[in-house]
Structure formats: structure tokens, C-alpha cells
Amino acid sequence: MRLLFLDIDGVLNSDLWYKSEQCKKQQEPLNHFDPKNVSILNNLVKKTEAKVVITSTWRNNHSQEDLKQILKAAGLKIEIVGFTPDLRRNQDFVIRGNEILKWCMDNEVILGCEWKSYHDFAILDDNSDFLLWQAHNFFRTDRFCGLTLTVKKEIERFFERKNRQ
């Protein structure tokens with residue numbers, strides 16, 4: 001199974017979005033989702049057939065069902081198969097990469113293999129707090145503009161190379 005580990009802030013919204021008139025017309029929580037970035041993500045998920053695991057801190061502030069409803073209301077057309085655990089709550093020095101690792105270790109049935117053998121995933125985030133072995137799967141967005149067509153294309157090429165291997 002192909003997965004996209006997805007952050008929200010800095011990916012589906014941006015500094016530019018928050019300064020826009022369109023954002024100011026939206027109500028909470030939909031004002032946190034730039035329709036342009038949502039559309040780019042929808043196209044990426046459709047083209048790559050990736051399922052989504054939410055890594056965003058939004059998972060700590062909303063129930064999983066509420067967050068799914070918010071994302072749907074924002075226009076996201078994605079299949080969410082999980083949420084990474086919040087390991088930071090108990091330990092100060094845990095990075096998001098550890099949360100992805102833990103999710104993979106706990107969900108080998110979804111992955112279809114042992115977590116050590118799983119490589120068909122991309123991480124989409126504006127922060128780089130990941131493990132060294134995850135570096136080739138990491139695609140960084142710029143908080144200033146969020147998800148761009150360039151980053152989308154990089155992920156598509158990455159998955160295309162995986163298909164050829």
C-alpha cells in the first residue's frame with residue numbers, strides 16, 4: 001500500500017493564505033485550508049493512489065472522527081487510514097519521525113509487510129524532524145506558500161521511480 005504521511009499547517013495552509021482576503025471570509029476551522037493547496041493534494045492523491053496517515057498536531061486537538069469531518073468539509077478527497085500516535089506528550093525529545101516509525105511498526109497489516117521492508121511512502125511536511133532513514137521519503141513544503149505544484153510533481157516522480165524498481 002502506498003502512503004502519504006500528511007502534516008496540515010504549512011502544507012494545506014500558508015503565510016500567504018492567512019494574509020489573503022479569501023481566508024478572512026472563511027469561518028473557523030475552514031479558514032485553515034487554502035482551496036488551492038487542497039486541490040493540489042487531491043490531485044496528488046488521485047494520481048498516486050496514496051492513502052493518507054495524518055501526522056499533524058491537529059490530531060491532538062480533534063477527535064479522529066471530527067478531524068475527518070473537518071478535512072472533508074475543507075474539500076479533501078482522501079482516504080485516511082490512520083493517525084500517528086502522539087509520542088511527544090510523554091517525552092520531550094521525540095520527533096515526528098519516531099511517531100511515523102511507531103505507526104508503521106503497529107500497522108504492518110496495513111503496510112502488507114514488515115515495517116523494515118516498507119518504502120512505498122512519502123512524508124509531506126514543512127518541518128524536517130524526521131529520522132535519517134526517512135530522508136529519501138521526505139518532501140518539504142515552504143510555510144510561506146504551502147504545498148506547491150513543484151512539490152506535488154516531485155512526489156509523483158518519486159512514486160513513479162518506486163513503481164519501476
Side-chain angles (χ1 to χ4, degrees), residues 1-20 22-113 115 118 120-131 134 137-143 145-147 151-152 155:
M1 172 182 295
R2 177 166 290 161
L3 292 176
L4 179 65
F5 290 92
L6 177 67
D7 182 32
I8 293 174
D9 293 322
V11 176
L12 297 177
N13 57 46
S14 65
D15 294 343
L16 281 176
W17 167 248
Y18 285 122
K19 292 176 183 175
S20 74
Q22 188 178 358
C23 174
K24 293 172 186 166
K25 293 176 184 174
Q26 296 289 327
Q27 294 204 357
E28 182 81 30
L30 298 182
N31 63 329
H32 296 286
F33 298 92
D34 181 341
K36 176 183 65 71
N37 295 24
V38 167
S39 176
I40 293 170
L41 182 67
N42 283 338
N43 289 332
L44 171 65
V45 167
K46 183 177 180 179
K47 183 163 186 178
T48 62
E49 299 178 349
K51 310 293 187 234
V52 174
V53 177
I54 303 294
T55 61
S56 172
T57 56
W58 281 60
R59 75 196 192 287
N60 303 329
N61 303 322
H62 303 277
S63 72
Q64 292 182 8
E65 203 50 49
D66 285 348
L67 186 51
K68 286 180 180 180
Q69 291 304 316
I70 291 168
L71 295 174
K72 184 176 180 182
L76 283 160
K77 298 172 182 157
I78 58 176
E79 182 179 342
I80 299 172
V81 295
F83 297 78
T84 55
D86 179 14
L87 301 178
R88 296 176 196 197
R89 195 173 292 172
N90 301 326
Q91 297 181 13
D92 292 335
F93 301 105
V94 174
I95 59 174
R96 193 164 285 178
N98 292 110
E99 295 172 336
I100 291 172
L101 171 60
K102 176 76 169 122
W103 188 91
C104 289
M105 292 172 77
D106 292 345
N107 290 281
E108 289 180 338
V109 170
I110 292 173
L111 300 179
C113 64
W115 69 269
Y118 183 68
D120 198 19
F121 68 95
I123 301 168
L124 187 54
D125 203 311
D126 63 322
N127 289 317
S128 59
D129 55 342
F130 298 97
L131 303 172
Q134 296 167 337
N137 302 75
F138 173 61
F139 297 87
R140 187 173 196 165
T141 60
D142 184 335
R143 179 162 195 79
C145 58
L147 181 58
V151 173
K152 172 189 173 278
I155 296 171

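Hydrogens, waters and symmetry mates play no part in the numbers below; they use all other heavy atoms, side chains included.
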So which heavy atom on [X] is nearest to which on [Y], and how close?
X	Y	result
V81	K51	CG1-CB, 3.7 Å
I54	I80	CG1-CG2, 4.1 Å
C145	K36	O-NZ, 4.2 Å
W17	H32	NE1-C, 4.1 Å
T84	R59	O-NE, 2.7 Å
K19	K24	O-NZ, 3.7 Å

Indicate yes or no: at least one non-hydrogen side-chain atom of [X] is less than 4.5 angstrom from one of [Y].
X	Y	answer
L3	W103	yes
L44	I155	yes
L41	L12	yes
R2	T48	yes

Would you be so kind as to tabulate the donor-acceptor pairs closer than 3.5 Å made by side chains of residues 62-72, with sequence neighbours excluded?
from: S63; atom 1: OG; to: D66; atom 2: N; distance (Å): 3.0
from: S63; atom 1: OG; to: D66; atom 2: OD2; distance (Å): 3.3

If I take atom [atom1] from residue [X] and atom [atom2] from residue [Y], how far apart are they, to the nearest 0.5 angstrom?
X	Y	atom1	atom2	value
F5	S56	CZ	OG	14.0 Å
E99	F130	CD	CZ	9.0 Å
S128	I123	OG	CD1	11.0 Å
L101	L131	CG	CG	6.0 Å
T141	I40	OG1	CD1	11.0 Å
L124	I8	CG	CD1	11.0 Å

Q | Exam field: side chain Y18 to backbone S20, donor-acceptor pair closer than 3.5 Å | A | no
Q | N137 side chain vs A122 backbone, donor-acceptor pair below 3.5 Å | A |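 No; zero donor-acceptor contacts below 3.5 Å.
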Q: For the residue pair D9 and W58, confirm or rule out a side-chain donor-acceptor distance under 3.5 Å.
A: yes
Q) In terms of side-chain heavy atoms, does R143 have a donor or acceptor partner in S14 at a distance below 3.5 Å? A)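 Absent: no donor and acceptor within the cut-off.
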Q: Given side chain to side chain contact (heavy atoms under 4.5 Å, CB included), test D34 with C23 step by step and report yes or no.
A: CA-CA 7 Å; D34 181 341; C23 174; over 6 Å; no
Q. Is D125 salt-bridged to R96, going by a charged N under 4.0 Å from an acidic O?
A. yes
(Q) Show me the pairs that pass side-chain hydrogen bond (donor to acceptor under 3.5 Å, both in side chains) and involve residues 37-47, at least two apart or across chains. (A) none
Q) Take atom CD in E28; do more than 12 heavy atoms of anything else shown fall under 6.0 Å from it? A)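 Atom CD in E28 is crowded, with more than 12 foreign heavy atoms closer than 6.0 Å.
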Q. Would M1 and I110 satisfy side chain to side chain contact (heavy atoms under 4.5 Å, CB included), going step by step from the backbone distance to the final call?
A. CA-CA 7 Å; M1 172 182 295; I110 292 173; 3.6 Å; yes
Q) Passes side chain to side chain contact (heavy atoms under 4.5 Å, CB included), L4 versus V53? Steps please. A) CA-CA 6 Å; L4 179 65; V53 177; over 6 Å; no
